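Since the structure comes first, as structure tokens, the remarks are kept for the end.
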Protein chains: 2
Amino acid sequence: MSRTKRPINIRDVARAAGVSTMTVSRVINNPAVVAPLTRERVQQVIDELKYTPSSVARSLRSSRTYTIGLITVDFADHFFANLSVGAELEARRRGFRVMLSSTERNPNNEREFVTLLAEQRVDGILLARDAIQVPRDPLTDPLPVDVPIVSTGFFRPELALCSVDIDNVDGGRLATDHLLDHGHRRIAILTGPVDHKAAVDRLEGYQLALSRAGIKLDPHLIVHAHGRQPDDGYMAMNELIQREVNFSAVFVYSDALAIGAMRSLRRAGLRIPDDVSIVAYDNIDFAAFTDPPLTTVQQPIQELGALATRILIEYIETGERPVPITILRCFLVERGSVKSRPPE
Amino acid sequence: MSRTKRPINIRDVARAAGVSTMTVSRVINNPAVVAPLTRERVQQVIDELKYTPSSVARSLRSSRTYTIGLITVDFADHFFANLSVGAELEARRRGFRVMLSSTERNPNNEREFVTLLAEQRVDGILLARDAIQVPRDPLTDPLPVDVPIVSTGFFRPELALCSVDIDNVDGGRLATDHLLDHGHRRIAILTGPVDHKAAVDRLEGYQLALSRAGIKLDPHLIVHAHGRQPDDGYMAMNELIQREVNFSAVFVYSDALAIGAMRSLRRAGLRIPDDVSIVAYDNIDFAAFTDPPLTTVQQPIQELGALATRILIEYIETGERPVPITILRCFLVERGSVKSRPPE
DNA sequence: TACTAAACTGCTAACGATAACATTTACTTA
DNA sequence: TAAGTAAATGTTATCGTTAGCAGTTTAGTA
């Protein structure tokens with residue numbers, strides 16, 4: 001059966017071409033030093049036998065795998081899916097392959113994966129997280145291997161890890177400033193789960209913008225969703241409405257939550273953007289198709305994946321630990337969910 | 001620097017424990033045959049030195065990599081992202097790793113990737129496509145390597161490839177029957193791009209259901225979207241409306257297209273579901289949050305990924321080519337976009 | 001003609017792990 | 001006590017490739 005068929009190796013080629021394996025190897029890796037006639041003959045045999053050099057053997061010899069491990073929380077998620085696309089593209093462009101691992105949002109898996117990838121002798125690891133997840137203290141209990149690691153989605157400069165990240169504080173500020181610029185003063189925030197780094201950061205940006213504008217923070221205007229689904233946004237907005245505090249605008253953590261939040265507002269008889277303006281976050285495909293279309297903050301996610309990969313590969317190639325912090329800025333996509341509040 | 005640090009190998013452990021490499025190997029792979037005292041001592045050294053056996057060396061020795069290659073069209077896409085999640089989970093459960101490659105919807109990349117993965121000596125390949133893409137005739141020009149391959153999203157029993165797929169013909173039938181059951185007779189279809197296998201299949205299911213119900217096909221009721229984005233659905237629906245044919249229901253190829261299509265209908269003054277009922281496809285997160293919430297056909301995508309992977313791994317382990325066709329059924333998720341048409 | 005440099009090509013060992021076989025040790029049994 | 005046996009451990013060779021050096025041929029030079 002086909003399963004007993006052993007792949008063609010360099011010796012088969014050498015034998016068939018009547019040369020040594022070394023010559024075959026040279027034809028592949030350094031053809032210039034081989035006599036043209038020999039080179040041609042060997043190349044022909046290679047083509048005929050469909051010989052592909054084993055990167056397993058090469059890796060063993062060279063202790064380089066040209067593979068990076070990508071550890072991700074859940075790559076069906078919009079953020080991580082796009083991050084992965086950016087990473088894979090950049091890796092491929094630079095001659096690297098990507099090995100996949102999804103922790104399924106269980107931070108304990110992370111450590112196990114790092115070990116697994118180390119076993120695979122990947123040249124480096126890209127760690128993409130979203131949660132403030134410190135199952136153990138990463139400072140006193142460092143990751144178990146000595147492989148170049150670049151981390152993303154978890155901006156913590158105090159960690160030894162090199163981080164590349166999106167500036168969610170600034171994203172939150174951007175969204176809030178946009179609402180302030182439109183005359184809003186009572187601005188609520190519907191942010192993400194408390195254990196999400198990005199949720200905390202965006203909240204911080206919101207607070208920053210308000211304090212810069214000289215507006216006192218009202219804790220009644222802050223609400224956390226318990227999850228990432230539209231339903232969670234729906235419930236969080238219900239809670240905000242029940243508090244019966246006055247607000248003319250909301251900054252919502254994500255488009256997904258915003259979709260639920262809008263439904264809740266509408267159910268409460270509030271019109272968007274006439275009664276309540278909304279700025280959301282992510283600019284998913286459907287943000288342009290809500291009613292009204294969402295004004296939203298867009299993150300350069302693919303670019304983040306590509307940049308992190310580029311930095312990781314440079315780390316691998318040079319051996320020099322890169323600058324620990326690199327930050328990408330978000331930008332605003334204006335659509336129809338924000339309306340100016342007339343000065344009273 | 002850390003990059004000069006060579007990973008600990010089995011010989012380091014052997015030396016430190018005062019045994020031969022073989023004993024260390026046995027402690028790892030077959031501890032029962034090692035004397036308890038020796039075993040403990042070796043294990044301790046392993047832990048101390050943080051030794052992880054090199055799977056590169058193991059693979060060379062055993063000619064098994066326990067890695068499968070996943071070739072996907074674009075894994076930020078809802079379908080392929082979920083497929084990948086299912087595949088990765090199942091692979092991991094069975095002790096396999098997944099190597100990623102995205103063709104970026106360029107079918108010519110596929111062949112290149114197969115070669116690349118063969119070079120990596122992956123144990124098998126999972127080929128996930130969506131288009132009717134025959135850059136060359138796959139029958140006369142088979143894939144360049146002799147590795148177990150299972151294909152998905154491209155159900156073509158006549159190919160030598162083993163296919164696992166979702167029954168999109170039945171899905172189309174299911175959607176159409178649902179509308180028929182609600183009394184609709186003039187049912188339009190807004191299907192996907194003509195080069196998408198699934199678009200063709202769902203159209204076929206639509207035709208099947210109508211002909212079974214004894215309804216003559218009206219080509220004016222069939223429209224193809226040019227892409228997969230909501231905008232494409234918007235434009236396709238505009239086209240359908242411009243034709244000024246009478247219809248009381250539409251089966252739309254995907255939720256994404258449906259979102260655009262609904263906007264177009266609304267712009268034309270048509271109410272959903274009062275004037276036009278809609279059945280869509282995919283059940284993406286936001287399908288429950290459109291207005292009205294979409295009745296839609298759901299595909300068991302993760303299950304597909306998992307099943308394809310299971311079949312692939314069994315193929316790898318046993319060497320027996322699996323049955324060429326395995327099919328998964330869709331099911332209907334009823335929400336608010338379908339209304340019964342009163343008998344006239 | 002003899003000698004040297006240049007151009008090719010080949011040999012050997014090593015990367016890290018382990019299967020197959022070989023050896024050592026401890027203990028049983030006639 | 002010698003022979004035999006089972007348990008524990010070691011030795012050797014191998015997977016496919018390539019760096020480093022050695023060897024061979026050819027052409028060029030004195």
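Numbered from 1 within each chain, the chains take letters A, B, ... in sequence-line order. The model shown is predicted, which means the values in this text are computed figures rather than measured ones.
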| field | B:I125: which of B:V150, B:L312, B:I71 passes side-chain contact (heavy atoms from CB on, under 4.5 Å) | value | B:I71
| Those residues that, when tested against B:E90, pass salt bridge (Lys or Arg N to Asp or Glu O under 4.0 Å) (two or more places apart) | B:R93, B:R94
| task | Using the test side-chain contact (heavy atoms from CB on, under 4.5 Å), find all partners of B:L60 that sit at least two apart in sequence or belong to another chain. | result | A:V56, A:A57, A:L60
| query | Between residues 22-49 of chain B and DNA chain C, which residues have a heavy-atom gap below 4.0 Å? | reply | B:M22, B:S25, B:N29
| query | NA contact type, B:V56, heavy-atom cut-off 4.0 Å: base, sugar-phosphate, or nothing? | reply | nothing
| field | Backbone of B:S59 reached by a side-chain donor or acceptor of B:T65 within 3.5 Å | value | no
| request: List for me each residue that meets ring-ring contact (aromatic ring centres under 6.0 Å, His included) alongside B:Y66, sequence neighbours excluded, and say none if there are none. | output: B:F96
Side-chain donor-acceptor pairs under 3.5 Å in residues 78-86 of chain A, sequence neighbours left out?
residue: A:N82; atom: ND2; partner: A:H78; partner atom: O; Å: 2.9
residue: A:S84; atom: OG; partner: A:F80; partner atom: O; Å: 2.6

| message | Heavy-atom nearest nucleotide on DNA chain D for B:S20 versus A:P7: which residue maps closer to 5'? | response | B:S20
| said: Let me check the geometry of the helix from C:dT1-D:dA30 to C:dA30-D:dT1. What is the bend angle between the axes at its two ends, five pairs each, to 10°? | reply: 70°
| query | Can you pull the contact range of chain B along DNA chain D, 5' to 3', using atoms under 4.0 angstrom from its heavy atoms? | reply | D:dA8 to D:dG16
| message | Classify A:R61 by what it touches in the nucleic acid, base, sugar-phosphate, or nothing, heavy-atom distance under 4.0 Å. | response | base
| note | By salt bridge (Lys or Arg N to Asp or Glu O under 4.0 Å), B:R61 pairs with (sequence neighbours left out) none
| said: If the condition is side-chain contact (heavy atoms from CB on, under 4.5 Å), which residues does B:L116 pass it with, not counting sequence neighbours? | reply: A:R97, B:F113
| query | Between B:E317 and B:R64, is the closest basic N to carboxylate O distance under 4.0 Å? | reply | yes
| query | Roughly how far, to the nearest 0.5 Å, is CD1 of B:I316 from CD1 of B:I313? | reply | 6.0 Å
| query | Quick one: does B:T38's side chain get under 4.5 Å of B:T23's, heavy atoms only? | reply | yes
| request: Name the first nucleotide and the last nucleotide along DNA chain C (5' to 3') that come under 4.0 Å of a heavy atom in chain A. | output: C:dC8 to C:dG16
| query | Mind checking what makes salt bridge (Lys or Arg N to Asp or Glu O under 4.0 Å) contact with A:E104, not counting sequence neighbours? | reply | B:R92
| request: Determine which pairs satisfy salt bridge (charged side-chain N to carboxylate O under 4.0 Å, His left out) with at least one residue from residues 10-19 of chain A, sequence neighbours left out, and list them in order. | output: A:R6-A:D12, A:D12-A:R15
